[in-house]
Amino acid sequence: MQASLGLFSVMNYGTRSFEGVSRNEQDFSIYETEIYDIDYKNFTFSSGIHFKLGWNWIQKKNYSIRQTSSFAFEIYKEQIEFELTDIGNGDSAQFGNYGGSSMVDVGYRQFAVNSHIGFVSTQELIFLRNFENISVGGGISFTVRSRNDRGFNKNLSGAYIPNSTILYFGNYETKQLGLVFHIEKQMNRSMVYLNLNQQFFTTKKEKGGKYFEEGETLHPISHNMDFRFPLLIQFGGSLQFAKNKK
């Protein structure tokens, strides 16, 4: 059995646009109905730490089969660009008199930045080819990621940021399958390792927050992680407490 501790990062790349994201708000928007296209900044890296436990179900001289369970937290920063594409019937919302609102019409484009803490839980099953002091292999994983909202100022230097409903702790959740590449170097009962986990299939597609009520539309400013396919990076060290018999 191994206990591991190390650095953790999520790399988001190759993101896609989301067309026709709608927002229907009577009180905290400029128009009663607003429709947006949104896009995410590519190649963002988070920073954090992870803790992992692993055990070898099969331990042979030339190969091993290992299961691991890990938990990580990350500090992330995301940048979102959004464009207003439709204002519906054009009726103003009840309290939609924000500074700069007269400049907000179809074609209005702005950026929003969100920085907060996320949590990641991963189960892996990997096959390792053992060489002298080095093992290399790969396998499959199941990962649950959770991130949160932060409030955006709707009147920052005259910029209208269409987000008033803040979803707090653990409200955006994504469940995905991943392909794992793993390499490690053994030093007696300790080791150092690099683990790359590429997410490739979303098992739970959930637009927006997981606690939205039925019929709630997707907010223009959200993580939409169900449509993101990130690379999870772990680098750290392990201490082995016991060995399976060969």
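Since we're looking at a predicted model, the values are computed, not measured.
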How far does OG1 of Thr122 sit from CD of Gln176, to the nearest 0.5 angstrom? 10.5 Å

State, with a plain yes or no, whether a side-chain heavy atom of Leu177 is found less than 4.5 Å away from one of Phe142. yes

Evaluate whether atom CD1 of Ile65 has more than 12 neighbouring non-hydrogen atoms of other residues, nucleotides or ligands under 6.0 angstrom away. yes

Close side-chain approach of Phe71 and Leu53, heavy atoms under 4.5 Å: no

Under 4.5 Å between side-chain heavy atoms, hopping through other hydrophobics if needed: is there a path connecting Met11 to Leu194? yes

Return the CZ to CG distance between Phe229 and Asn12, rounded to the nearest 0.5 Å. 11.5 Å

Could you pull out all residues at least two apart from Tyr63 that satisfy ring pair (Phe, Tyr, Trp, His ring centres under 6.0 Å)? Phe127

Got a sec, which residues hit side chain to side chain contact (heavy atoms under 4.5 Å, CB included) with Ile35, two or more places apart in sequence or on another chain? Ser22, Thr85, Asp86

Got a sec, which hydrophobics cluster with Met187, joining ILVMFWY side chains under 4.5 Å apart, including via others? Val192

Does a side-chain heavy-atom distance below 4.5 Å link Glu34 with Leu84? yes

Ser4: side-chain hydrogen bond (donor to acceptor under 3.5 Å, both in side chains) partners, not counting sequence neighbours: Ser238

Qualifying residues under side-chain hydrogen bond (donor to acceptor under 3.5 Å, both in side chains), relative to Asn62, sequence neighbours excluded: none

Partner set under side chain to side chain contact (heavy atoms under 4.5 Å, CB included) for Phe131, not counting sequence neighbours: Arg129

Quick note, salt bridge (Lys or Arg N to Asp or Glu O under 4.0 Å) partners involving residues 62-75, not counting sequence neighbours, are Arg66-Glu184, Glu74-Arg147

With the side chain counted from C-beta on, respond yes when Ile233 and Asn195 share a heavy-atom pair under 4.5 Å apart, and no when they do not. no

Rounded to the nearest 0.5 Å, how far apart are CG of Leu239 and CE of Met1? 11.5 Å

Looking only at heavy atoms, what is the nearest atom pair of Ser69 and Gln123, with distance? OG-NE2, 2.9 Å

Output all residues satisfying side chain to side chain contact (heavy atoms under 4.5 Å, CB included) with Leu7, sequence neighbours left out; order by chain, then residue number. none

Tell me who clusters with Phe8, hydrophobic residues only, linked when side chains sit under 4.5 Å apart either directly or through other members. Val10, Val120, Leu232

Is there side-chain contact between Leu231 and Tyr13, with heavy atoms separated by less than 4.5 Å? yes

Any chance you could measure Asn197, atom CG, to His182, atom NE2, to the nearest 0.5 Å? 12.0 Å

Closest heavy-atom pair and its distance - His50, Tyr193: NE2-OH, 2.7 Å

Connected hydrophobic set around Val180, excluding itself, where side chains approach under 4.5 Å: Ile126, Leu128

Are Met191 and Val136 linked, directly or through other ILVMFWY residues, by side chains that come within less than 4.5 angstrom of each other? no

Does Ser46 offer a backbone N or O that forms a donor-acceptor pair with the side chain of Ser9 under 3.5 Å? yes

Looking only at heavy atoms, what is the nearest atom pair of Pro230 and Gln198, with distance? O-NE2, 3.3 Å

Nearest atoms (heavy-atom pairs only) where Trp57 meets Gln67: NE1-OE1, 2.8 Å

If you define the side chain from C-beta out and look only at heavy atoms, does anything of Phe111 sit under 4.5 Å from Lys41? no

Using side chain to side chain contact (heavy atoms under 4.5 Å, CB included), reason through Leu179 and Phe201 one step at a time and then give a plain yes or no. CA-CA 10 Å; Leu179 295 175; Phe201 180 76; over 6 Å; no

Between Tyr160 and Tyr108, what is the ring plane arrangement, given parallel below 30°, perpendicular above 60°, and tilted in between? tilted

In this structure, CD1 of Ile58 is separated from NZ of Lys60 (nearest 0.5 Å) by 7.5 Å

Can you find a heavy atom in the side chain of Gln59 that is under 4.5 Å from one in the side chain of Asn130? yes

Would you mind listing every salt bridge (Lys or Arg N to Asp or Glu O under 4.0 Å) that reaches into residues 106-120, with sequence neighbours excluded? Glu81-Arg109, Glu83-Arg109

Distance only, no hydrogens: is a donor on one side chain within 3.5 Å (strictly under) of an acceptor on the other, for Ser146 and Glu173? no

Do Ile183 and Phe181 come close enough that some side-chain heavy atom pair is under 4.5 Å? yes

Who are the side chain to side chain contact (heavy atoms under 4.5 Å, CB included) partners of Ile75, not counting sequence neighbours? Ser47, Ile117

Heavy-atom closest contact (Tyr76 atom, Gly118 atom, distance): CE2-N, 3.6 Å

Please round to the nearest 0.5 Å and tell me the distance separating atom CD of Gln2 and atom CZ of Arg189. 10.5 Å

Over all heavy atoms of both residues, which pair between Gln234 and Ser70 is shortest? Give the atoms and the distance, please. NE2-OG, 3.4 Å

